Amino acid sequence: MSSGTPRLSKSRFVAGLQCRKRLWLEVHRRDLAEEPGPATQRIFDSGHEVGELAQREFPGGVLIDTPHYEVERAICETEEAVAAGATILFEPAFMYDNILVRVDVLKKNDDGTWDLIEVKSTTKASDTHVADAAVQKYVLEGSGFTVRSVSIMHLNRECRYPDLSNLFIIESVDDRVREMWPELQPRVGEFSHLLLHDSAPDVPIGKHCTAPYSCPFINHCWAAVKHPSIFTIPRINKKSIDTLIGQGVTGIVDVPDTFPLSENQRRYVDLFKEGHTQIMWPAIRDAFAELEYPLYFLDFETQADPIPRHDGLRPYDQFPFQYSLHILHQDGTLEHTEYLHPNTTDPRRPLMESLIRNTGETGSIVAYNAPFEQRVIKDLARIFPEHRRRLHRFLPRFWDLLVIFRSYYVDPAFGGSNSIKKVLPVLVPELSYAALEVQSGDIAQLAWKEMIGTSDEAKRAELERSLKEYCKLDTLAMVELYRVLEENIPA
Ligand code: SF4
């Protein structure tokens with residue numbers, strides 16, 4: 001256990017609302033937490049970028065930029081800035097009832113009251129954000145400030161580049177803070193008391209481990225979970241999960257035969273219990289009969305920035321920066337082509353022109369989760385009306401390989417998933433993502449950002465090679481899965 005009196009903070013308070021055990025672990029056993037993955041890292045990076053831009057909306061603000069671990073100095077500098085008459089403060093620090101908070105933006109009104117503004121890189125104010133802001137109000141008022149209003153400043157989905165004048169919305173959450181206010185002080189007391197215990201509270205795992213945030217202690221708490229787990233049962237609700245966990249059941253194979261499940265869920269559970277692969281060859285044959293050569297196996301990699309940087313994009317609009325295309329002809333010959341945007345300019349036009357050149361007028365376009373690729377095409381058609389008709393002709397040519405593994409081919413060895421990364425090693429063991437440096441779409445996004453931002457040519461070449469390898473494997477995987485299925489369809 002760490003030494004000293006454990007202190008609460010706004011993030012710890014929010015962690016406690018998700019799970020009391022998480023709060024205890026955050027404070028006393030941080031060593032058990034997983035390092036943030038690429039998706040979490042991207043959220044942190046976005047938060048910093050958005051936070052800095054939000055501060056520009058309040059000219060003349062005083063930044064208390066003392067590091068988070070220098071608590072006393074940050075509080076001291078805040079007091080000095082307030083005493084010196086600062087009316088807008090960024091990151092001021094306050095402590096009350098053993099809770100430390102840093103406020104994103106604090107603005108003084110003419111009547112001496114203060115407006116508290118919490119900046120978020122999301123496009124709406126969630127209940128967690130409101131709880132976060134409510135704790136800050138609690139600490140500020142306890143410190144002698146009168147808080148007139150509490151707002152969440154978040155991104156505006158209606159804002160479109162290049163006009164970023166309406167990038168932010170400042171949404172009042174006073175009513176929502178008022179609703180949770182009676183709960184606040186008892187919670188603070190409960191959490192403070194909990195942190196004095198020398199062991200973590202006994203909280204069973206459940207759906208709360210992944211919502212509203214993926215808990216960093218999943219590896220620790222879920223170590224004994226049997227795989228494939230009950231969490232993969234389609235559309236299973238929280239009550240059923242809690243009941244099963246209460247009975248000590250975490251693996252699908254241990255779900256009692258009498259446990260109430262929907263017909264679909266029961267079929268899924270029985271598949272694992274019986275250990276059989278379920279293959280509906282007639283349905284697969286029918287689906288294959290829809291295919292028309294040449295087959296274009298297509299995969300896009302996309303980026304979604306909180307702050308849009310290209311024409312017509314809104315916060316978090318996805319845009320493609322890379323594609324891979326394998327073309328399989330009826331005689332069995334296979335071609336490969338690709339596009340990876342090389343710099344910080346808008347990738348959409350050159351990518352679209354390359355795609356149009358390479359995707360022909362006839363032949364099925366095979367994707368894994370086709371609605372995603374179709375959405376990218378529709379967005380391109382909207383942005384480039386002169387190519388709309390051509391791009392729209394792609395849409396009915398799509399054929400979704402995921403449908404096969406979602407509905408007609410389920411193998412217990414997929415571990416309850418139909419992701420191509422789980423299906424591929426079972427059906428095509430000689431192909432694998434394991435040796436690649438880029439192994440997921442999240443990592444691809446980070447790698448591309450780094451590639452277009454670096455001036456180190458060697459690094460750039462290495463990232464380019466990794467990105468191309470990854471995207472190429474996505475479409476080659478589809479080709480090989482297609483071939484395995486085709487070879488095995490009974491005559
Ligand atoms: S993994 Fe689940 S039970 Fe464990 S601390 Fe996190 S939220 Fe709580």
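Computation of the quantities below employed the complete heavy-atom set of this structure, encompassing side-chain atoms and omitting hydrogens, waters and symmetry-equivalent molecules. Index from 1, following the sequence. Being a predicted model, the structure only gives us computed values, none of them experimental. Indexing begins at 1, ligand by ligand and atom by atom, following the structure's order.
Cation-pi geometry between Lys421 and Tyr433 is met: under 6.0 angstrom from the ring centre, within 45 degrees of the axis.
Ring geometry for His193 versus His197: interplanar angle over 60°, hence perpendicular rather than tilted (30 to 60°).
Here OH of Tyr323 is found 8.5 Å from CZ of Phe300. Values are rounded to the nearest 0.5 Å.
The nearest protein atom to atom 4 (Fe) of ligand 1, hydrogens excluded, is given as Cys221 SG, 2.3 Å; this is a heavy-atom distance. Among all non-hydrogen protein atoms, the one lying nearest atom 6 (Fe) of ligand 1 is Cys215 SG, 2.3 Å.
Checked by atom type and distance alone, the side chain of Asp411 never pairs as donor or acceptor with a backbone atom of Thr277 at under 3.5 Å. Counting only distance, with no hydrogens or angles, the side chain of Asn98 and the backbone of Pro6 share a donor-acceptor pair below 3.5 Å. A donor-acceptor pair under 3.5 Å is absent between the side-chain atoms of Asn156 and the main chain of Ile169, judged by distance alone.
Inclusion of Cys19 in the first shell of atom 8 (Fe) of ligand 1 is supported: an N, O or S atom falls under 2.8 Å. The distance from atom 6 (Fe) of ligand 1 to the nearest N/O/S atom of His220 is not under 2.8 Å. Within the 2.8 Å limit, Cys209 places at least one N, O or S atom next to atom 2 (Fe) of ligand 1.
A heavy-atom separation below 4.0 Å is not found between Gln18 and ligand 1.
Listed by atom number, the atoms of ligand 1 under 4.0 Å from Arg22 heavy atoms are 5 (S).
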